[in-house]
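The basis for the numbers below is simple: all heavy atoms, side chains too, and nothing from hydrogens, waters or symmetry mates.
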Amino acid sequence: MEKNEVIAFLCVGTLVFTGCGVGEPAGESARSAETASSVEEEATVGNSSVAEASEPGSADDFDESTQEILQARIRHIYNGVLSQIVAARQLPDGELDTSQLDDGFGEMRDNHFAITDIDGDGMEELIINYSNACMAGMETIIYGFNPTVGQLKRELTEFPALTFYDNGMIRAEASHNHTSGEFWPFTLYQYQAAGDKYVQIAYVDTWSKDIAADLRGQVFPDELDSDGDGVLYNIQEGAETSYDASNYQYNEADYETWYQSLMGGANEVLIEYLPMEYESFADLSPAYLNIMADNAGKSRTDKEGDLGLLILEEESYLDVAERLLSERYEVELQQPYEDFDDQMVGLWKGQEIFRFTHLDMGVLDYQGEQVEDVTVFGLYPGIRVDSAWEKLEAYGFYASPYGEVENCLITGDGFGNISIWFSEEEGKVTQISVKPFCAFAG
């Protein structure tokens with residue numbers, strides 16, 4: 001590679017967010033990423049589709065070891081959602097109101113999120129509490145991830161004035177009280193396992209005679225006000241909501257009896273929210289990738305020379321890789337350009353085999369021939385392409401939807417992920433490049 005080509009490559013790869021690589025332009029990749037097949041896709045997160053609803057899997061269907069992997073993968077997917085919100089200020093399946101942020105009223109960290117099994121299906125959900133916006137843009141969204149079909153789905157969207165209960169109910173207070181009563185209107189939602197979503201089961205508001213003696217052409221019906229407090233309740237069951245004056249026919253005792261029939265014995269669930277910032281979810285993807293690496297490495301005896309694993313283990317992985325190659329494999333390190341000290345090459349038996357690009361989080365290239373047992377996630381120059389894909393998939397890699405070249409794979413699209421791509425000739429790998437990656441940075 002000529003010096004000018006190197007500099008051009010490095011400029012294109014410049015990062016905006018520390019710890020993440022730039023997402024490659026969208027294009028066709030050599031293989032298809034995992035897709036969900038049962039519902040219409042609205043967007044993708046990692047290698048998972050975003051849908052309105054799907055049949056859930058159950059955590060009880062898996063043994064303890066598998067459950068650990070599934071939980072880590074679910075959190076890994078949520079890392080992608082959170083990364084997109086923080087870095088790109090977007091949802092995977094919609095837009096956010098960023099007007100307050102654009103005008104300098106607060107920061108993204110003033111919004112919050114939580115990861116918890118709020119619906120009781122045995123798998124954690126992601127609750128986005130986005131409140132640093134104009135009133136109309138405030139929303140709480142509950143996402144769930146179904147690992148059995150690889151779908152991220154939206155279970156509920158509401159104004160962020162929610163109370164959660166341990167019976168699967170959510171009480172959602174309205175953003176405004178446009179009714180004719182002081183009682184604050186609310187909607188009740190109940191979790192349905194069959195569709196893995198929340199459905200509206202009731203709505204309540206009131207009509208106060210002191211506020212409005214007439215409502216939509218009807219005079220307040222004193223004959224229905226048996227307790228004489230001048231207030232009648234509108235109790236709507238099901239998914240429909242009606243504000244017709246004839247619906248206001250219940251007294252406070254009727255309301256209390258009805259409400260207790262639904263909520264009696266239910267306890268409020270308190271949610272521990274975290275600030276919407278990278279530090280709050282920085283460990284999610286590394287935890288998943290380390291579990292995958294542990295499982296993939298159980299049958300390997302050559303892990304000590306694996307340069308890819310250093311990305312998971314070492315903050316300054318290029319420095320560690322250079323030291324390992326120099327001390328253990330007698331690779332000669334050279335700086336090819338006097339006025340460009342961010343580039344190093346590694347010579348082995350007089351041939352340039354390695355290239356280290358020390359910009360941002362760095363890029364490592366491995367080409368030509370294998371140096372003893374040195375690999376990158378089990379890959380080395382000369383390995384068959386099919387074997388390369390098999391090894392990478394075991395570490396959690398999948399075909400990148402952002403790659404415009406063949407054989408480009410990533411472990412996910414949020415902060416803390418890894419990108420790897422390789423060239424091939426006659427069915428064998430000739431050059432390998434690897435770097436930290438985030439699709440939403442840059």
Ionic contact status for [Y] with [X], cut-off 4.0 Å:
| X | Y | value |
| --- | --- | --- |
| Asp102 | Arg89 | yes |
| Lys435 | Asp360 | no |
| Arg154 | Asp93 | yes |

In this structure, which one of [options] forms a side-chain contact (heavy atoms from CB on, under 4.5 Å) with [X]?
| X | options | result |
| --- | --- | --- |
| Ile115 | Leu284, Leu274, Asn79 | Leu284 |
| Val269 | Thr116, Asp166, Thr163 | Asp166 |
| Phe422 | Asp365, Leu409, Val376, Val405 | Leu409 |

task = For residues Ile201 and Met169, determine if any side-chain heavy atom of one lies less than 4.5 Å from a side-chain heavy atom of the other.
result =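 Ile201 vs Met169: side chains touch.
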
Assert yes or no for the condition that the ring centre distance of [X] to [Y] is strictly below 6.0 Å.
| X | Y | value |
| --- | --- | --- |
| Phe377 | Phe397 | yes |
| Phe186 | Phe159 | no |
| Tyr250 | Tyr255 | no |
| Tyr233 | Phe183 | yes |

Return all side-chain donor-acceptor pairs below 3.5 angstrom for residues 291-298, not counting sequence neighbours, or 'none' if the list is empty.
{"unit_1": "Asn295", "atom_1": "OD1", "unit_2": "Lys298", "atom_2": "NZ", "d": "3.1"}
{"unit_1": "Asn295", "atom_1": "ND2", "unit_2": "Ile291", "atom_2": "O", "d": "3.4"}

inquiry  = A quick test of your reading: do over 12 heavy atoms of other residues, nucleotides or ligands sit less than 6.0 Å from CD of Glu268?
reply    =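 Yes, because the 6.0 Å sphere around CD of Glu268 holds more than 12 heavy atoms from other groups.
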
Aromatic ring pairing His178/His176, orientation class (parallel under 30°, perpendicular over 60°, tilted between) =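 Geometry flag for His176 against His178: parallel rings.
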
request  = Check salt bridge (Lys or Arg N to Asp or Glu O under 4.0 Å) between Glu124 and all other residues, then give those that pass, not counting sequence neighbours.
outcome  =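 For Glu124, the residues satisfying salt bridge (Lys or Arg N to Asp or Glu O under 4.0 Å) (neighbours in sequence not counted) are Arg75.
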
message = Going by the rule salt bridge (Lys or Arg N to Asp or Glu O under 4.0 Å), which residues pair with Arg171 if we only count those two or more places apart in sequence or in a different chain?
response =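 With sequence neighbours excluded, Arg171 shows a salt bridge (Lys or Arg N to Asp or Glu O under 4.0 Å) to no residue whatsoever.
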
request  = Determine, stepwise, if the pair Asn129 / Asn111 fulfils side-chain contact (heavy atoms from CB on, under 4.5 Å).
outcome  = CA-CA 6 Å; Asn129 194 353; Asn111 301 299; over 6 Å; no

Backbone N/O of Arg323 and side chain of Asp319: donor-acceptor pair under 3.5 Å =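 Side chain of Asp319 to backbone of Arg323, a donor-acceptor pair under 3.5 Å: no, none is there.
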
